[in-house]
Amino acid sequence: EAEFTLEVRHFAELLDWPNVRKRCEAHLEALLQQSKDVDGASLLAVVSHAEESSLMPPHLKAAALAAAVRQWSRVAEAAESCPSDLSSTRQAELGALNRV
C-alpha cells in the first residue's frame with residue numbers, strides 16, 4: 001500500500017498535480033501514525049522517499065523518520081535484505097536514535 005502511494009505521489013510531483021500529491025501525503029501521514037501495522041520494507045521506502053523528495057512537507061518527513069525510529073528493528077532488517085537508497089550514515093543515525 002505504501003509503495004503504491006509513494007509511486008502515485010512521485011508522479012503527481014513530476015506532473016505538477018498538487019491536489020493528488022496532497023491526497024497521497026495525507027494517506028502517508030495516516031499510514032505513518034499506525035506504523036506498528038506497516039511492514040519494514042514499506043517504512044524503509046517511505047523514509048527513502050522522504051529523504052529524496054524536495055517537495056515533501058517537513059512534518060511528513062519528520063513523521064517518516066519518527067516511524068522508522070519507533071520500528072527500527074523491522075526497518076534495519078528490511079535495509080539488510082534489500083538494497084535501499086537510505087545511506088549507511090543515515091541508517092546509523094536512525095539506529096542511534098532508536099537506542100536513545
Side-chain angles (χ1 to χ4, degrees):
E1 182 179 355
E3 288 87 356
F4 174 76
T5 304
L6 289 170
E7 190 171 340
V8 172
R9 189 199 173 280
H10 172 74
F11 283 105
E13 188 175 310
L14 286 175
L15 298 170
D16 195 26
W17 295 341
N19 293 336
V20 174
R21 191 185 81 235
K22 287 177 185 175
R23 280 197 311 240
C24 290
E25 290 168 356
H27 182 75
L28 287 171
E29 189 168 8
L31 203 67
L32 291 170
Q33 289 174 351
Q34 303 297 324
S35 64
K36 66 184 180 315
D37 299 329
V38 180
D39 64 285
S42 294
L43 285 171
L44 180 61
V46 173
V47 171
S48 296
H49 183 81
E51 294 279 314
E52 295 172 4
S53 175
S54 62
L55 294 179
M56 187 172 276
H59 77 277
L60 191 53
K61 287 184 178 191
L65 291 172
V69 168
R70 284 193 304 272
Q71 304 299 327
W72 180 246
S73 61
R74 291 188 296 160
V75 173
E77 184 178 308
E80 287 178 9
S81 65
C82 63
S84 74
D85 295 327
L86 199 60
S87 71
S88 58
T89 303
R90 181 52 115 179
Q91 289 180 33
E93 289 170 351
L94 292 174
L97 284 172
N98 176 258
R99 288 188 296 276
V100 171

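- Listed by chain and residue number, Glu25 satisfy the salt bridge (Lys or Arg N to Asp or Glu O under 4.0 Å) test with Arg21 (two or more places apart in sequence, or in another chain).
- Contact annotation: the side chain of Arg74 approaches that of Leu43 to within less than 4.5 Å [non-hydrogen atoms, C-beta and beyond].
- A heavy-atom distance below 4.5 Å is found between the side chains of Leu65 and Glu51.
- Leu28 and Val8 fall into different hydrophobic clusters, where Ile, Leu, Val, Met, Phe, Trp and Tyr residues are linked whenever their side-chain heavy atoms come under 4.5 Å apart, directly or through other members.
- Of the possible donor and acceptor atoms, none in the side chain of Lys36 sits under 3.5 Å from a partner among the backbone N and O of Arg70.
- For the atom pair Leu60 CG and His49 NE2, the distance stands at 8.5 Å (nearest 0.5 Å).
- Once rounded to the nearest 0.5 Å, the distance linking CD of Gln71 with CG of Asp37 reads 9.0 Å.
- When all heavy atoms are compared, the tightest approach of Thr5 to Cys24 is CG2-O, 3.6 Å.
- Applying the side chain to side chain donor-acceptor pair (under 3.5 Å) rule to Glu7 yields no partners; only residues at least two apart in sequence or on another chain are considered.
- Two different hydrophobic clusters hold Leu14 and Leu55 under the rule that ILVMFWY side chains link at heavy-atom gaps under 4.5 Å.
- Atom CD of residue Glu52 and atom CD of residue Glu13 lie 10.5 Å apart, to the nearest 0.5 angstrom.
- With rounding to the nearest 0.5 angstrom, the NE2 atom of His10 is 10.5 Å from the CG atom of Leu6.
- At a threshold of 4.5 Å between side-chain heavy atoms, the hydrophobic network of Ile, Leu, Val, Met, Phe, Trp and Tyr places Leu32 and Phe4 in two separate groups.
- For the pair Arg9 and Ser53, the minimum side-chain heavy-atom distance is below 4.5 Å.
- What you find for Lys61 and Ala50 is that their closest heavy atoms are CE-O, 3.1 Å.
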